[in-house]
Amino acid sequence: MRLLSIARRLYSARPIAFKHIIGYQHPSLFAARPEIRRHFFVAFRQPSVRHCSTIPSKLPFFSSGSSTSYEIINFDKRVNTLREKYHVGVNEFVGIVQKASNFGSGDEAILFLDECGVKPNQELVFLVIWELRDQWKLAYLLFKWGEKCKCLEENTWCLMIWILGNHSKFSTAWSLIRDLLQMSTDIQQAVLIMIDRYAAADNAGKAIHTFQILEKFSMSPDQRTLLTFLNILCKHGFIEEAEEFMLINKKLFPLEIDGFNIILNGWCNIVVDIFEAKRVWREMSKCCIEPNGTSYSHMISCFSKVRNLFDSLRLYDEMQKRGWVPGLEVYNALVYVLTCENCVKEAFKIIDKVKHMGLRPDSSTYNLMICPLCESSKLDEARSILALMEEDNISPTIETYHAFLASVSLEGTVEVLNTMRKAGVGPNGETFLLILDRFMKLKQPETALRIWLEMKQYEVVPESAHYSLLVGGLLECRLYSKARELYAEMKSNGFDDPGLRKFLEPAGPRGQGGVAHKPVTDAGYKDLSCLASLAMILVGCQHGSVQRPSFALPKSITLSILAFGCLHGSSTSETTSMPRINLDLVSVTNASTGTTSLVRGALYNLR
């Protein structure tokens with residue numbers, strides 16, 4: 001109750017901060033708004049005045065609340081179990097299978113595998129197919145060889161269907177399901193995998209249709225199968241479709257709290273939309289379904305994500321009054337929202353309460369305090385919490401150090417990277433993506449380039465995302481020569497970015513196809529800015545008039561301003577003090593070589 005009173009004081013002192021979450025016309029938090037009458041189908045439309053916010057990638061500490069009991073096969077767990085028992089010869093056999101891809105036909109490749117001297121078994125075939133999951137043709141070749149050798153278990157069939165679905169080879173995957181039917185094997189898991197892959201491919205319609213035709217396979221889906229199906233849709237962001245399907249089919253599948261909890265989890269943890277979460281809460285009440293502990297956990301998690309301390313504590317208090325015991329996820333959410341609202345002492349009291357209850361705070365508990373403190377540049381307080389974390393024998397995770405990297409300087413960044421390496425928790429590719437993105441947003445390209453050189457010392461190999469981020473940032477900072485240099489290195493390493501290619505390898509003017517093009521140099525861009533100023537003086541650009549002058553430049557370079565216009569400010573004083581010119585299309589022609597390049601959409605402020 002003391003925490004709730006603190007929240008009330010904060011709320012009364014800063015009502016505007018919560019105005020977008022709590023309506024003032026109605027005293028009840030979840031009271032229906034009378035001005036909005038929701039028809040069944042209208043309930044699934046998003047109002048145009050607000051937008052759903054996704055879970056911030058920099059806060060991976062919240063438990064998603066996803067019910068593991070409704071998940072399909074966990075291939076990672078199966079692989080880890082097999083690797084402990086069978087860790088010899090997998091990589092060698094992967095190399096042999098890759099050599100088999102050189103044969104012209106599948107029969108020759110399978111014959112090569114027969115004669116390679118490897119004795120197949122179910123575990124080896126499963127592990128090698130897993131290792132080849134990114135090369136579906138090789139994985140399928142090994143699968144057919146394992147089928148020939150009768151070394152396939154049910155999980156291997158499901159794995160192959162999953163791999164084919166990942167690569168959008170759905171027709172081939174369905175052929176495997178038909179083979180399973182002919183073998184009189186239960187195909188429910190295989191069909192659920194197909195549903196999952198359709199949803200992952202952003203095809204909710206196919207996923208729903210697949211569930212609806214289960215009866216054609218002599219299977220009558222039960223309540224558990226429905227919940228698994230709803231969980232699949234929500235996991236991939238099709239929460240509206242899942243809710244609509246559940247309500248439409250309530251005569252066939254009676255509405256239960258578990259189904260609503262899956263929908264709540266979608267709105268609260270997968271897509272953080274507090275408005276939709278509150279609407280589902282009201283819908284539960286209309287259907288005479290009482291929320292349970294899981295329901296309260298999802299709602300408290302959602303309110304804490306949007307930093308609504310008042311309603312987080314209100315629901316926590318209501319949850320206890322109704323006899324539900326909060327779990328660690330609830331307390332972690334309260335720790336986070338209290339820290340965000342500068343109630344660090346109260347957050348520590350929550351941690352002490354967790355310890356007295358016999359629950360053990362984990363790394364997420366402390367990370368959820370460190371992250372908002374780092375965001376607020378309270379690095380000393382964050383370091384003190386890190387020290388307390390280590391005193392409790394809780395090892396910092398990579399997310400812990402990522403929180404610090406979001407706020408420290410270059411020297412601090414190098415220090416954190418060294419600490420991560422000593423602790424054995426990175427740094428990895430994601431770490432350097434975070435660092436490069438931060439310094440580019442701060443318009444510090446020199447610092448980003450120094451970090452780029454540091455990557456090699458930490459044995460992190462740059463990937464396409466690193467190159468794209470760095471080259472794009474250099475272009476924004478007008479460091480064109482360095483951007484082209486890194487783009488050439490990017491292409492030599494087998495990566496490319498269509499957006500960067502269009503900018504760094506521009507097409508020529510219309511009607512000049514096949515002409516070799518040469519990008520403009522850094523000096524050319526500077527000359528362009530100066531000549532734009534000269535053009536303003538010469539042509540007397542006034543009152544928004546458009547002129548198309550051409551200038552002869554020294555060193556046989558001709559710069560033609562094909563189109564430009566004046567953009568006036570909102571007031572006369574602004575226009576006269578700082579006129580602006582917008583170069584919509586500029587071409588640079590080298591008279592000695594005959595090559596032409598285009599520079600698109602450059603905006604200059606002229607004093």
Side-chain angles (χ1 to χ4, degrees), residues 10 17 53-63 272 301 303-309 312 328-329 331-351 354 361-392 394-444 447-448 450-451 454-455 458 460 469 473:
L10 286 170
S53 60
T54 55
I55 301 175
S57 58
K58 59 186 176 183
L59 279 178
F61 319 122
F62 281 108
S63 172
V272 183
S301 173
F303 277 120
S304 65
K305 284 185 175 76
V306 298
R307 302 191 176 189
N308 186 337
L309 176 60
S312 298
L328 184 60
E329 297 84 2
Y331 289 111
N332 283 350
L334 294 180
V335 165
Y336 173 72
V337 70
L338 284 167
T339 307
C340 289
E341 295 300 318
N342 297 320
C343 301
V344 179
K345 292 182 179 180
E346 284 71 21
F348 276 119
K349 291 179 181 179
I350 291 289
I351 294 178
V354 168
D362 56 11
S363 58
S364 297
T365 308
Y366 290 96
N367 286 342
L368 288 167
M369 294 188 70
I370 291 173
C371 187
L373 290 174
C374 289
E375 287 180 354
S376 304
S377 300
K378 299 178 180 179
L379 295 179
D380 292 336
E381 291 185 49
R383 291 190 183 98
S384 65
I385 293 174
L386 177 62
L388 291 174
M389 182 179 181
E390 294 173 341
E391 287 179 8
D392 287 346
I394 299 176
S395 300
T397 63
I398 193 169
E399 288 84 7
T400 311
Y401 295 109
H402 283 180
F404 282 98
L405 288 172
S407 302
V408 294
S409 61
L410 174 62
E411 293 74 14
T413 298
V414 175
E415 181 182 350
V416 172
L417 291 175
N418 291 331
T419 304
M420 293 176 71
R421 181 162 58 181
K422 292 178 182 178
V425 289
N428 57 18
E430 183 182 352
T431 306
F432 283 97
L433 272 177
L434 186 151
I435 299 172
L436 292 173
D437 181 61
R438 175 171 178 264
F439 285 120
M440 281 303 181
K441 286 180 178 177
L442 294 175
K443 301 300 181 183
Q444 298 179 15
T447 305
R450 290 182 61 182
I451 294 296
E454 291 284 336
M455 287 180 63
Y458 294 96
V460 176
L469 176 63

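In what follows, residues are counted from 1 in the order of the sequence shown.
- Panel note: side chain Asp362, backbone Thr365; a donor-acceptor pair is recorded below 3.5 Å.
- Taking CD1 of Ile435 as the start and CG of Leu410 as the end, the distance is 9.5 Å to the nearest 0.5 Å.
- For the pair Ile398/Glu430, no side-chain contact is recorded, criterion being any heavy-atom separation below 4.5 Å from C-beta on.
- With rounding to the nearest 0.5 angstrom, the OG1 atom of Thr400 is 11.5 Å from the CD1 atom of Ile385.
- Remark: the Tyr336 side chain and the Asn367 side chain contain no N/O donor-acceptor pair separated by less than 3.5 Å.
- Remark: the Ser304 side chain and the Ser301 side chain contain no N/O donor-acceptor pair separated by less than 3.5 Å.
- Contact of the Asn308 side chain with the Val337 side chain is not registered, since no non-hydrogen atoms from C-beta on lie closer than 4.5 Å.
- Around atom CD of Glu415, no more than 12 heavy atoms belonging to other residues, nucleotides or ligands sit under 6.0 Å away.
- Interatomic distance, Tyr458 OH to Thr431 OG1, rounded to the nearest 0.5 Å: 11.0 Å.
- Atom CZ of residue Arg383 and atom CG of residue Asp380 lie 6.0 Å apart, to the nearest 0.5 angstrom.
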Before you tell me yes or no, could you show the steps for Thr413 and Phe439 under side chain to side chain contact (heavy atoms under 4.5 Å, CB included), namely the whole-Å CA-CA distance, both residues' side-chain angles and the distance that decides it to 0.1 Å? CA-CA 11 Å; Thr413 298; Phe439 285 120; 3.8 Å; yes

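- Considering every non-hydrogen atom in both Ala382 and Ile370, the closest pair reads O-CG1, 4.0 Å.
- Proximity of Lys349 to Leu338: side-chain heavy atoms (C-beta onward) are nowhere separated by under 4.5 Å.
- Residue Ala406 comes nearest to Arg438 through the heavy atom pair O-NE, 2.9 Å, listed as atom of the first residue, atom of the second, then distance.
- Exactly one of Lys443, Arg450, Gln444 qualifies for a side chain to side chain contact (heavy atoms under 4.5 Å, CB included) with Thr447. That residue is Gln444.
- Between Thr339 and Leu373, some side-chain heavy-atom pair lies under the 4.5 Å cut-off.
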Run Val354 and Leu328 through side chain to side chain contact (heavy atoms under 4.5 Å, CB included) and show every step you take. CA-CA 8 Å; Val354 168; Leu328 184 60; 3.9 Å; yes

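- The SG atom of Cys371 lies 11.5 Å from the NE2 atom of His402; values are rounded to the nearest 0.5 Å.
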For a side chain to side chain contact (heavy atoms under 4.5 Å, CB included) check, start with the C-alpha distance between Val335 and Tyr366, then their side-chain angles and the critical distance, and finish with the verdict. CA-CA 9 Å; Val335 165; Tyr366 290 96; over 6 Å; no

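- Not one N or O on the side chain of Asp392 forms a donor-acceptor pair closer than 3.5 Å with the backbone of Ile394.
- Checked for salt-bridge contact, Glu375 and Arg307 meet the test: a charged N lies under 4.0 Å from a carboxylate O.
- Note that the CE atom of Met369 and the CZ atom of Phe348 stand 4.0 Å from one another [nearest 0.5 Å].
- Side-chain contact between Pro396 and Leu386 is present, with heavy atoms from C-beta onward closer than 4.5 Å.
- When side chains are defined from C-beta on, Leu405 counts as touching Met420, because their heavy atoms get closer than 4.5 Å.
- The minimum heavy-atom distance between Leu379 and Cys374, with the atom names listed, is CD2-SG, 4.1 Å.
- Considering only heavy atoms from C-beta on, Asn418 comes within 4.5 Å of Arg421 through its side chain.
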